[in-house]
Amino acid sequence: MTGFLDAVGFGEWILHALIWLPLVGIGAVLLAPEERAKEIAFGWTTGLFVLSLGLWWSFDPAGPLFQHMSSTEWIGAFGISYALGIDGISLFMILLTTFTMPIAILGAFKYVKERQRAFYALMLLLQTGIVGVFATMDLFLFYVFFELTLVPMYFIVGIWGGERRIYAAVKFFLYTALGSLLMLVGILYLYWQAQLNLGYPSFHFFDLLGTPLTLTEQLWLFVAFGLAFAIKVPLFPFHTWLPDAHVEAPTPGSVVLAAVLLKLGAYGFLRFVLPLFPEASAHPTVVMIMLTLGVIGIIYAAWVAAVQPDAKKLVAYTSVAHMGFVLIGIFALTTNGLQGGLIVMISHGISTGALFLILGMLYERRHTREIEEFGGIAKVAPLLATALVITAMASIGVPGTSGFVGEFLALLGTFERYPVLAFLAATGVIFAAYYMLPMVQKILFNPLDREENRAMKDLSGREIAVLSPLVGLMLLIGVFPGPILDRMEPGVQAIIEWVDEGAAGGALMEEAKGPAGVREAPPPAVPTTAELGTSAMDRIEATAELIHGSAAQREWIRVAIGDQD
Amino acid sequence: MISLGFIAEGVAQGGASGGYDPLLPGLILLLPLLGFAANGVLALMAGSRAADRIRGGGDGAAIAGPDGKKPFTHTLPTWIGPGVLLGAFILVAINFFRMLGVELTEPVIRSYWSWMPTGTLSVDAAIQLDQLSMIMMMVITGVGFLIHMFSVGYMKEDPGYPRYFAYLNLFVFFMLVLVMGANFPVMFVGWEGVGLCSYLLIGFWFQDREKADAGKKAFIVNRVGDFGLLMAMFILFATFGTLDYGAIFQQAPELFVYGGAAVTAVTLFLLLGAVGKSAQIPLYVWLPDAMAGPTPVSALIHAATMVTAGVYLVARSSVLFAMAPASAAAVATIGALTALFAATIALKQYDIKKVLAYSTVSQLGFMFMGVGVGAYAAGVFHLMTHAFFKALLFLGAGAVIHSMHHALHSTHKDWDAQDMRNMGGLKRFMPATWITMWIATLAIAGIWPFAGFFSKDEIIWYVGTAGAFSGLYVVLWGMALAAAVLTAFYMTRMMVMTFHGPNRTGEDEAKHLHEAPLNMTIPLGVLAVLSVFGGWINVPGSVRESFFGGFGLLPMSAWLDSWLAPVTAGADAIRMAELGAYADVSPVGGGHVVWGAIATTMALVVVILTARHFLAREVQPAHIDGEPESGIGKVLYNKWYVDEFYDRIIVRPILATSRFCWRVIDRVVIDGTVNAVGAVSKGVGWFGSLFQTGQINTYAFIIALSALVVLGAFIF
Amino acid sequence: MLVEALILSAILFVVGMLGVLVRRNAIIIFLCVELMLNAVNLSFVALSRFMGIEGQIYVFFVMTVAAAEAAVGLAIIIAIFRHYETVNVNNFNLLKW
Amino acid sequence: MELDFTSNADYLWALLPEIILSASAMVVLIVGVFRNRPGEFPPEEANTLGWLSLAGILAAGLANGWLYGVGTVADSPMIAMDGFRLFSNWLFLAGAGLTILMSMPYLGRQRLQVGEFYSLLLLATVGMMFMGGTRNLILLFLAIETMSIGAYVLTAFNRRDRRSAEAGLKYFLLGAFSSAFLLYGIALVWGATGSVSLPEIAAVIQEGAAFSPLLLAGMGLLGIGFAFKVAAVPFHMWTPDVYEGAPTPATAFMAAAVKAASFIAFVRVFMEAFPALYETWYPVIWWLAALTMIIPNLIALSQTNVKRMLAYSSVAHGGYLLVALVAANETAMAGLLFYLLVYTVMNVGALGVVMIVSNHSEKRLQIEDYGGFGWKEPLLGTILTIFLLSLAGFPGTGGFMAKIYLLQGAVESSLWTLAIILAVVTVVSYYYYLKVAWYMWMRPEPAGSSSGPVWAPLSIRMGLVASAGVILYLGIFPGGLMEGARLAASGLGGVVGEALLGLRP
């Protein structure tokens with residue numbers, strides 16, 4: 001397989017293809033007759049998924065940290081480049097995206113009955129945005145893609161949503177945009193500092209890495225970036241847009257929102273916040289705040305979820321709880337925590353996606369999402385019941401499912417450093433049962449006492465096709481998470497090392513500088529681009545030398561960019 | 001495709017196997033799993049068909065197809081379900097006998113794949129075979145097979161027949177994972193897996209709201225325990241950097257301080273886990289409710305196997321508990337409290353299964369006492385004998401309920417088939433059940449020479465002589481004795497109310513009372529035999545030499561003690577070093593044999609007195625209101641109001657807090673703030689637009705005013 | 001002398017400005033604007049004594065512009081008078097908020 | 001060809017685009033007069049004259065392009081020959097051209113005097129081009145008045161509409177009022193420095209030879225005059241009323257070109273004449289920028305009339321542009337040019353769609369009238385959505401890149417507070433831009449509206465598609481134009497740069 005992929009130059013074009021081919025698909029969808037649009041969209045995304053599967057083999061777990069790198073100048077004046085590249089973390093985020101899309105689209109076949117072409121075109125646009133976020137190495141490009149995901153989602157919720165769809169869509173859009181625009185200012189500040197330091201403008205991740213920043217600067221930048229990602233994650237107390245958006249969104253919208261869009265925030269923390277602002281990220285107060293909010297999110301969201309009369313809202317709140325696990329996993333800054341957080345991300349994508357799909361199927365049958373309206377469904381829809389029970393179990397993290405691996409590792413990693421918080425977070429395990437089981441019971445079990453429910457149909461062939469890969473993956477990842485963990489490990493280690501070293505180096509820098517906050521002029525002898533040479537390797541080498549002069553750091557960067565140049 | 005051979009064989013890992021070569025250990029696990037898969041598919045097919053009938057207006061309860069024959073979905077599980085268990089049992093037995101012959105000091109580990117390799121943590125999907133897990137596996141597959149067999153008869157008319165076997169097979173799989181796991185996480189898979197199956201099986205008749213509730217309650221309460229187990233694992237990992245049993249138990253004496261905070265914390269968290277799973281105070285509340293499940297399920301899960309997982313856990317972690325005397329004392333205390341407390345509740349219950357449920361809780365308390373005082377072998381011994389006689393009792397109760405159900409169903413009487421007040425005099429109709437159940441009753445009451453006598457007596461003895469916290473253990477010892485006496489009382493009460501006296505089912509119904517079919521009575525017989533002789537495998541020398549061992553003539557031995565010695569060796573050594581040996585005499589004097597005699601005599605006297613008392617009393621059927629209970633009787637009848645208490649101080653406050661969080665904090669405070677930001681912006685904008693009066697003079701005025709300000713700013 | 005002239009011009013400018021603020025008749029307002037422009041013209045003339053003769057040329061430019069403005073302005077006022085039959089600016093408030 | 005401005009003929013060459021445009025205005029006027037049949041303005045009349053005007057604009061554009069190739073050996077004190085002027089000429093021509101393209105059906109339907117309308121529009125454009133090119137304050141005053149008087153008339157052009165007349169009156173009175181301030185400022189600056197030529201003023205100030213209080217007062221009055229023209233809060237009060245009342249093509253023209261010209265002149269005067277006083281004027285402009293960003297964005301939230309909402313949005317965009325002036329560096333200036341160009345295209349485009357929705361009249365301007373429009377006319381709906389997103393500054397559109405460019409400028413001058421304000425009010429603006437989008441796509445057509453079929457001639461559609469294409473292109477490949485803008489600004493920076501150097505911390 002690897003040989004074949006090498007032969008076709010897979011690594012060189014795959015990321016470009018995954019980003020831009022959905023746009024081609026939009027053309028195909030828009031030109032197609034209305035009733036064929038869904039099939040074309042489904043076929044197209046499935047094809048993309050198959051294509052993306054090649055990444056599994058082409059990505060060499062033993063190879064350099066970042067692979068499939070490429071860089072083309074985009075806006076030269078600002079040093080903005082169309083730079084792509086993935087590490088093990090983004091690899092799985094991309095796979096999760098390409099996997100979720102066809103499933104969400106297939107799940108929408110009956111749900112979306114009007115304006116289908118527009119709908120599927122927006123879904124494809126969404127895919128471009130999301131894959132772009134995960135594949136880019138350029139901070140500016142990242143921002144562009146990050147924002148680009150908002151528009152299609154806004155329309156998906158606003159046009160095909162429920163009663164209060166516009167309120168939900170606008171809230172979603174404005175809330176997220178507020179965070180990301182402040183991040184934009186932060187990005188520009190970082191860019192400016194980096195330019196002062198480097199002597200040439202660049203938004204490239206590697207160029208921005210190691211930009212010397214005082215702790216105060218780092219903290220402000222952390223706030224600017226962190227707010228954007230915290231809203232996206234969403235972290236308590238920035239979560240209230242989520243239940244509204246989820247409840248109102250059409251099923252496929254909810255699926256994508258839960259499965260992938262929320263991950264953008266967590267991914268942002270991992271890819272950018274931690275490496276770029278190591279000192280702030282490792283600052284005890286910051287870590288405490290993030291962890292505390294994560295823990296509050298876990299418990300609070302679980303409690304709130306438990307009393308929701310609307311099934312979709314309930315599941316939406318569980319997303320908050322799950323993402324709390326991701327957050328504490330990330331900010332514990334341990335290998336286990338990060339790995340666990342990442343697995344929770346994947347697992348949550350799959351299980352919550354499946355939950356939304358199932359609720360969507362129930363909604364299609366009964367046109368209600370009120371939990372009390374159901375009861376005894378297991379009797380008339382055993383297949384659906386089976387799927388729901390397995391999914392619910394994965395969602396609350398029963399061992400053997402993907403949810404357990406993630407939560408276990410995240411909590412374990414947190415415990416290594418913050419036992420008390422891990423203790424509190426672990427109570428979320430109890431409360432997960434407290435919100436999920438009553439819902440399962442009220443929907444599936446209890447007497448089948450409503451006439452409407454008696455006539456309910458079981459899963460159709462298409463619905464089985466939608467749910468079975470999800471259910472299969474929940475179990476598969478629960479039992480064999482190893483290959484995923486292996487591939488993510490280098491990326492995770494790199495982040496931790498960077499934060500550790502950056503934090504230590506920052507402290508030293510602070511000490512050398514004397515009173516806090518007083519910023520020295522940038523190093524006088526900043527080499528120019530010409531002196532540095534044009535190859536990224538040279539530049540990074542020189543940059544690292546200039547900033548820290550730490551051999552380990554240089555080694556890390558060398559590993560990071562590999563022998564790509 | 002991974003070859004089946006790999007799955008069955010695994011990769012040998014570390015440790016001297018001492019010449020013992022396990023035979024296809026993976027297959028032991030795989031068999032029930034395959035059974036689950038096959039039955040699961042059948043269940044889904046059957047469920048879909050039933051669903052079609054419901055949609056067509058039928059009731060979905062009918063099994064037979066149009067030709068009047070049962071479809072294959074309801075015939076195949078009969079063979080698959082018990083079949084895989086039988087296969088597994090045979091494999092276990094082979095392995096057991098292979099192990100018997102060799103000196104095995106370290107567990108044999110088979111590793112299949114690397115489950116959670118994160119970089120710093122490495123957890124393998126590995127199983128281990130040692131003496132303790134072997135005993136457990138024997139019980140699980142052996143008793144499990146018998147119960148599967150019994151279920152064929154008990155459940156055959158149920159529309160969910162294939163689903164039932166699917167769950168049951170899955171349960172056995174997880175239970176085996178629990179006892180075979182070579183590290184804590186794998187054990188945890190089984191731990192939560194059995195909880196899941198328990199949840200599904202308690203709520204097997206999920207159309208009944210109460211039963212579904214009971215399942216949910218079991219799961220959530222168990223999760224509290226699971227939380228403890230998780231925390232224990234975290235501390236262990238933080239200390240040892242691994243979660244493998246071998247590494248942890250080996251390094252524990254070096255890395256932990258005897259009686260230190262860390263090890264105490266670990267063990268207390270483990271205890272929390274054990275308390276949840278084994279239904280001890282304060283988390284026992286789910287088990288009585290769990291009787292909502294089919295009776296064989298109660299026998300298998302809620303008597304013989306799953307609920308003993310806590311005892312297994314303590315025994316497995318014996319090294320840790322030995323290093324934390326406070327935790328060990330806590331284990332014993334909780335055990336004693338539970339044993340006595342549950343026994344008191346059992347005194348006043350009328351539901352035959354509830355009596356057995358509280359009895360189980362009580363007996364589990366005994367086991368906890370045993371492992372708590374360091375007598376791990378004794379605890380496991382009681383676990384095993386209890387599996388025999390309690391499974392027998394449940395199955396017998398099942399046969400009774402089965403029969404009662406038929407009888408009541410024949411005339412459509414809406415009486416409760418499980419209420420002992422509606423029974424009476426059943427020995428006439430079901431003699432085999434009656435006899436076997438009396439054997440089990442005598443066993444549980446601790447009467448010589450039945451199995452319970454030896455195991456319970458041993459525990460009581462060790463509790464009395466443990467000595468570490470001598471004052472405490474004396475109290476516990478007294479409680480244990482009291483509980484033993486109560487056991488004899490409530491069991492006799494149950495037997496008499498069920499089988500003796502006049503029949504209260506009614507004339508017409510009585511005609512339909514009948515003995516259970518053969519496939520149900522055979523398991524009863526086998527278990528009855530085990531209930532008699534099962535106790536003979538672990539009789540200490542002094543007892544063996546006394547009257548109780550026929551002065552050495554009866555085929556008794558202290559085999560189990562020596563068999564488990566390699567497993568508990570570490571713990572025993574620590575105990576010996578720190579606390580010294582057990583005393584030779586009880587707190588109030590008298591040796592093992594003397595107290596054995598006292599105990600069995602007491603039990604016998606209680607049995608006789610109780611039987612006389614209840615035989616003389618006239619019992620009214622349940623629908624006739626007897627005089628209401630008062631005083632302590634009322635409290636006991638209402639189970640000390642613990643459920644109500646929990647409801648009041650835990651469930652409702654959490655629900656209220658949840659509602660508060662949602663309605664006030666989430667909607668008003670947080671979302672209100674968010675929306676207020678929008679509203680305020682709009683409001684400010686609206687206010688600003690009011691200056692836009694459309695009047696030229698106003699505009700000119702504002703321009704002029706601003707011009708003044710700007711000019712001022714420029715010039716000054 | 002220059003200072004006095006400039007002060008006078010400033011006073012005239014302010015008078016014109018105040019006229020714009022307080023008068024309601026569109027034509028009067030417009031005339032007040034003219035007054036302001038002419039106040040500036042006075043400044044130009046006064047300054048031209050020291051700064052050069054071109055100041056007086058600028059005045060002509062301004063006067064030309066003012067004339068053009070007057071033409072357009074009166075046309076607009078006539079146009080609006082046709083609609084409202086009044087030139088009181090208080091009545092012109094269709095467009096607000 | 002090289003110009004040294006020794007002979008007056010050189011001025012003719014240097015002003016070729018302006019001259020061509022003036023001539024075409026005359027031609028249009030005359031042709032219009034001859035084809036004018038009283039009481040009857042057939043729609044095709046608008047087309048003929050419209051295309052004629054466009055031809056004039058094209059010719060002016062060609063001349064403007066030709067000027068790039070013309071070298072100058074000596075600077076004229078009257079007319080700048082820098083890239084800044086030429087680039088801004090593109091802006092005005094684009095604004096005028098797009099307006100004309102969009103306005104043809106409107107004028108026909110509203111039966112307005114086409115010849116006069118277009119010739120006034122072209123003449124106002126000539127005024128703008130002088131505003132962008134002049135280096136003399138008196139010429140600047142004349143240019144501003146040329147533009148303004150044209151704009152007054154265009155605003156009041158629809159004599160049958162009392163709103164139009166009212167808007168015209170307000171614009172006229174307040175415009176003349178502010179012109180007086182501007183003129184006073186010119187007088188005082190001249191009095192203080194003895195010159196009306198921007199470079200000379202700068203030189204005098206640099207030498208410290210200026211009479212300070214007079215200079216500061218003069219500069220302040222100039223600033224006030226410009227603040228009115230660019231509609232900076234709190235001098236913006238006229239804008240919403242005028243934009244709402246004016247015929248929509250005139251609104252488009254004013255919101256895009258007039259505003260652009262005012263900014264260009266504002267920037268040129270303050271950057272070329274007063275760089276040495278940066279420390280004095282920048283706090284004031286800072287506050288103006290902050291207020292201009294915040295207040296109209298908030299007010300726009302509660303607007304229900306789309307045209308008025310776009311008016312407030314236009315004011316708000318002025319605030320973003322003022323940030324560039326505060327930043328006062330080359331990047332910011334380039335950003336300003338880039339922004340203005342993008343802004344011209346997207347704003348005229350958006351108002352073009354507004355015209356179509358209102359059926360080329362002044363009715364159906366309420367936001368409810370947009371209900372279901374997107375599904376009725378997917379192409380136009382999509383295009384309007386693109387324009388709105390671009391106005392909102394959303395990634396993928398030119399508006400975003402323009403904002404980034406401005407932010408870059410702000411960042412280089414460390415204007416963090418303004419940058420943050422800009423970011424936050426952008427979110428606020430999302431709300432009202434999206435409001436139009438959500439009415440278009442997420443609401444059904446209002447019940448009982450008998451809007452009939454949407455009429456949009458092919459020419460408009462093509463124009464809109466092209467504009468949207470430009471917006472998207474600039475959003476994705478802005479590099480070329482950014483470079484162009486930078487070059488253009490460096491023409492200005494060449495004068496200002498050195499003077500500014502070392503002024504900022």
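The figures here come from the full heavy-atom set of this structure, side chains too, leaving out hydrogens, waters and symmetry mates. Below, chain A is the first sequence line, B the second, and so on; all start at residue 1.
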Practice task
Taking heavy atoms only and a threshold strictly under 4.5 Å, list by residue number the residues of residues 22-30 of chain C that touch chain D; give 'none' if the list is empty.
Solution key: A26(C), I29(C), F30(C)
Practice task
Kindly check if the number of other-residue, nucleotide or ligand heavy atoms within 6.0 Å of CD (E4(C)) is above 12?
Solution key: yes
Practice task
Determine, stepwise, if the pair V15(C) / L18(C) fulfils side chain to side chain contact (heavy atoms under 4.5 Å, CB included).
Solution key: CA-CA 5 Å; V15(C) 167; L18(C) 289 175; 5.8 Å; no
Under a 3.5 Å distance rule, please check whether [X] uses its side chain to pair with a backbone N or O of [Y] as donor and acceptor.
X: S262(D); Y: V258(D); value: yes
X: K307(D); Y: T251(D); value: no
X: T134(D); Y: M131(D); value: no

Part of [X] lying under 4.5 Å from any heavy atom of chain C:
X: Y184(D); answer: both
X: Y312(D); answer: side chain
X: Y152(D); answer: both
X: A156(D); answer: side chain
X: D161(D); answer: backbone
X: L169(D); answer: both

Using a cut-off of under 4.5 Å for heavy-atom pairs, which of [options] has the most such pairs with chain D?
options: V65(C), T64(C), L6(C); answer: V65(C)
options: F13(C), F61(C), Y84(C), F50(C); answer: F13(C)
options: G52(C), G73(C), A46(C), A75(C); answer: G73(C)

Handout entry: Heavy-atom contacts under 4.5 Å, residues 235-248 of chain D to chain C
Key =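 Heavy-atom contacts from residues 235-248 of chain D to chain C are D241(D), E244(D), G245(D).
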Exercise for the section: Please determine, among S164(D), G191(D), G175(D), the option with the most heavy-atom pairs under 4.5 Å with chain C. Expected result: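 So the answer, after comparing S164(D), G191(D), G175(D), is G191(D).
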Practice task
For chain C, find which of E166(D), R162(D), R159(D) contributes the most heavy-atom pairs closer than 4.5 angstrom.
Solution key: E166(D)
Exercise for the section: List the steps and the verdict of side chain to side chain contact (heavy atoms under 4.5 Å, CB included) for F172(D) and T155(D). Expected result: CA-CA 9 Å; F172(D) 165 70; T155(D) 305; over 6 Å; no
Exercise for the section: Please determine, by modelled atom types, if E145(D) and S179(D) share a side-chain donor-acceptor pair under 3.5 angstrom. Expected result: yes
Problem - Distance-only side-chain donor-acceptor flag, K229(D) / S148(D), under 3.5 Å - result: yes
Practice task
Indicate the atoms forming the closest heavy-atom contact of V189(D) with L222(D), along with that distance.
Solution key: CG2-CD1, 3.9 Å
To the nearest 0.5 Å, what is the distance between [atom1] ([X]) and [atom2] ([Y])?
X: I205(D); Y: M219(D); atom1: CD1; atom2: CE; result: 7.5 Å
X: T193(D); Y: L188(D); atom1: OG1; atom2: CG; result: 10.5 Å
X: S48(C); Y: N41(C); atom1: OG; atom2: CG; result: 11.0 Å
X: L120(D); Y: T146(D); atom1: CG; atom2: OG1; result: 11.5 Å

Problem - Under 4.5 Å from a heavy atom of chain D, the part of A10(C) involved - result: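 For A10(C), heavy atoms of backbone and side chain both lie under 4.5 Å from chain D.
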Completion exercise
Bottom line for S9(C): the part with an atom under 4.5 Å from chain D's heavy atoms is both
Problem - E116(D) vs L29(D) side-chain heavy atoms within contact, under 4.5 Å - result: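 Yes. Closest side-chain heavy atoms under 4.5 Å.
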Exercise for the section: List the steps and the verdict of side chain to side chain contact (heavy atoms under 4.5 Å, CB included) for Q110(D) and S361(D). Expected result: CA-CA 7 Å; Q110(D) 294 300 307; S361(D) 70; 3.4 Å; yes
Exercise for the section: Decide yes or no on side chain to side chain contact (heavy atoms under 4.5 Å, CB included) for Q113(D) and F157(D), but give the supporting numbers first. Expected result: CA-CA 9 Å; Q113(D) 290 90 336; F157(D) 206 82; 3.9 Å; yes
